[in-house]
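A quick write-up on the structure given underneath.
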Amino acid sequence: MKIVVIGGTGLIGSNLVNRLRQDGHEVVAASPNTGVDTITQEGLAEALAGAEVVVDVANSPSFEDRAVLEFFETSSRHLLAAEADAGVKHHVALSVVGSDRLPHSGYLRAKMAQEDLIRASGIPYTILRSTQFFEFIDSIIKRSTDGETVRLSPALMQPVASDDTAAALADLAIAPPVTGIVEIAGPERFPLDQLARRYLAANGDNRPVIADVHARYFGVELNDESLTPADNPWLGSIHFQDWLSQAAAPR
Ligand SMILES: NC(=O)c1ccc[n+]([C@@H]2O[C@H](COP(=O)([O-])OP(=O)(O)OC[C@H]3O[C@@H](n4cnc5c(N)ncnc54)[C@H](OP(=O)(O)O)[C@@H]3O)[C@@H](O)[C@H]2O)c1
């Protein structure tokens, strides 16, 4: 089966491309670096010719509110139109748990715009909403640092290893379309401030982390329901402590 992975050179995309190739599929890793651009449409029709499934794991180069909305809207419009022309039978996309609950976050508003375009496209689809990747904790800390102080909400999160999310996408890509949403999260919940403290300690960084219920996460205040999944999500198998201990964790 021919599968096109849009964003196939990124963190999730490269992992997914390897998994699908190991399973014997014909896989195109599509991204600007390989000559396929969903914004300019360069190489898009050629990449999609003969594809049965498209998995969209592209990400916006900018997280600024207007830029990210423009990226996901334009990219999704171009991609879904090209898929309709090519007769693609299943569109799989990666979104974020809580996208529908945090409209004041510019990034999550853009992910909802992406989801809405998929639902309206008429192409059979599966949307996987994932919680935050363990690999993303570093970016969360950087966004929440002022000088030597890290200030974070103690709201609960249920982060997941990107490897587990990529494995779930590989399963969904070769299954019939759900035409709905599947959620995936990690095996444990942690308050965000505690997660950051453990990450920094594992990296030999002893900056203090201050818990503050009003600290903003990418522009929004969180509560325990904001970023945690609904009942019965798919669960990743990799525990945070094991991920922290392995060589792949950033140092
Ligand atoms: N970070 C998290 O915790 C988290 C949680 C849940 C869901 N997600 C979702 O996961 C997805 C993937 O995230 P990631 O961390 O794997 O991203 P990433 O590592 O930043 O990779 C982004 C990918 O998008 C590609 N791309 C950028 N502009 C493009 C364009 N115009 N046309 C085609 N491809 C383009 C990049 O290609 P080049 O390499 O060629 O630039 C790259 O392959 C995102 O949609 C994000 O919303 C993330």
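Order of appearance sets the numbers: ligands from 1, and atoms from 1 within every ligand. Sequence positions, counted from 1, serve as the residue numbers for this chain.
Relative to atom 29 (C) of ligand 1, the option among Pro61, Pro32, Ser99, Gly98 with the closest non-hydrogen atom is Pro32. With atom 20 (O) of ligand 1 as the reference point, the heavy atom nearest to it among Ile184, Asp56, Asn59 is part of Asn59. Here the shortest heavy-atom distance to atom 12 (C) of ligand 1, taken over Val96, Leu79, Leu128, Val57, belongs to Val57.
Closest to atom 31 (N) of ligand 1 among all protein heavy atoms lies Asp37 OD1, 2.9 Å. In terms of protein heavy atoms, atom 30 (C) of ligand 1 is closest to Thr38 OG1, 3.5 Å. Here the protein heavy atom with the shortest distance to atom 19 (O) of ligand 1 is Leu11 N, 2.9 Å. Among all protein heavy atoms, the one lying closest to atom 28 (N) of ligand 1 is Phe71 CE1, 3.6 Å. Nearest protein neighbour of atom 10 (O) of ligand 1, counting heavy atoms only, is Leu94 CD2, 3.1 Å. Remark: minimum distance from atom 44 (C) of ligand 1 to any protein heavy atom is reached at Ala58 O, 3.5 Å. The shortest contact between atom 25 (C) of ligand 1 and any protein heavy atom is with Gly7 CA, 3.8 Å.
Between Leu222 and Val213, every side-chain heavy-atom pair lies at or beyond the 4.5 Å cut-off. Contact of the Val68 side chain with the Glu64 side chain is not registered, since no non-hydrogen atoms from C-beta on lie closer than 4.5 Å.
Contact analysis puts Thr131 in contact with ligand 1, with a non-hydrogen atom separation below 4.0 angstrom.
Each of the following atoms of ligand 1 lies closer than 4.0 Å to a heavy atom of Ser95: 6 (C), 7 (C). Residue-ligand proximity, Ile39 to ligand 1, at heavy-atom distances under 4.0 Å covers atoms 31 (N). Short contacts between ligand 1 and Tyr107, defined as distances under 4.0 Å to a heavy atom of the residue, involve ligand atoms 44 (C), 46 (C), 47 (O). Of all atoms in ligand 1, listed by their number and element, those nearer than 4.0 Å to a heavy atom of Ser130 are 6 (C). With ligand atoms numbered from 1 in the order given, ligand 1 contributes 3 (O) to contacts under 4.0 Å with heavy atoms of Gln132. Heavy-atom proximity to Ile12, at under 4.0 Å, picks out these atoms of ligand 1: 16 (O). Residue-ligand proximity, Asn33 to ligand 1, at heavy-atom distances under 4.0 Å covers atoms 38 (P), 39 (O), 40 (O). Those atoms of ligand 1 with a heavy atom of Gly10 less than 4.0 angstrom away are 19 (O), 21 (O), 42 (C), 43 (O).
Smallest separation of non-hydrogen atoms from Asp37 and Ile39: OD1-N, 2.8 Å. Of all heavy-atom pairs spanning Val160 and Thr131, the tightest one is CG1-OG1, 3.5 Å. Residue Ser99 comes nearest to Met112 through the heavy atom pair O-CG, 3.2 Å, listed as atom of the first residue, atom of the second, then distance.
Ser121 places a side-chain N or O within donor-acceptor distance of the main-chain N or O of Ile118, the cut-off being under 3.5 Å. Using a distance-only test at 3.5 Å, with no hydrogens or angles considered, a donor-acceptor pair links the side chain of Lys111 to the main chain of Leu94. With hydrogens and angles ignored, the 3.5 Å screen pairs a side-chain donor or acceptor of Asp164 with a backbone N or O of Ser237.
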(request) Kindly indicate, with the supporting measurements, whether the criterion side chain to side chain donor-acceptor pair (under 3.5 Å) is fulfilled by Ser245 and Asp242. (result) CA-CA 5 Å; Ser245 314; Asp242 294 335; 5.2 Å; no
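Applying the side chain to side chain contact (heavy atoms under 4.5 Å, CB included) test between His91 and each of Asp56, Thr126, Val55, Ile6 identifies Asp56 as the sole match.
Considering backbone and side-chain N/O of Phe136, none are found under 3.5 Å from N/O of ligand 1. Checking only distances, Thr9 does come within under 3.5 Å of ligand 1, N or O to N or O. In terms of polar-atom proximity, defined here as any N/O pair under 3.5 Å, Gly13 makes no such contact with ligand 1. Below 3.5 Å of separation, one finds no N or O of Ile6 facing any N or O of ligand 1.
The aromatic rings of Tyr199 and Trp243 lie parallel to each other, their planes meeting at an angle below 30°, with 60° marking the opposite boundary.
Comment: Arg119 engages Glu115 in a salt bridge, judged by a side-chain N to carboxylate O separation of less than 4.0 angstrom. Between Arg197 and Asp205, no side-chain nitrogen of the basic residue sits less than 4.0 Å from a carboxylate oxygen of the acidic one, so the salt-bridge criterion is not met. Ion pair Asp138/Lys142 flagged as a salt bridge, since at least one NZ, NE, NH1 or NH2 atom sits closer than 4.0 Å to an Asp/Glu carboxylate oxygen. Checked for salt-bridge contact, Asp224 and Arg189 miss the test: no charged N lies under 4.0 Å from a carboxylate O.
With a 4.0 Å cut-off on non-hydrogen atoms, Phe133 touches ligand 1 through its backbone as well as its side chain. Contacts with ligand 1 closer than 4.0 Å are made by side-chain heavy atoms of Lys111 only, the backbone lying farther away. Only the backbone of Val36 comes within 4.0 Å of ligand 1, counting heavy atoms alone; no side-chain atom from C-beta on gets that close.
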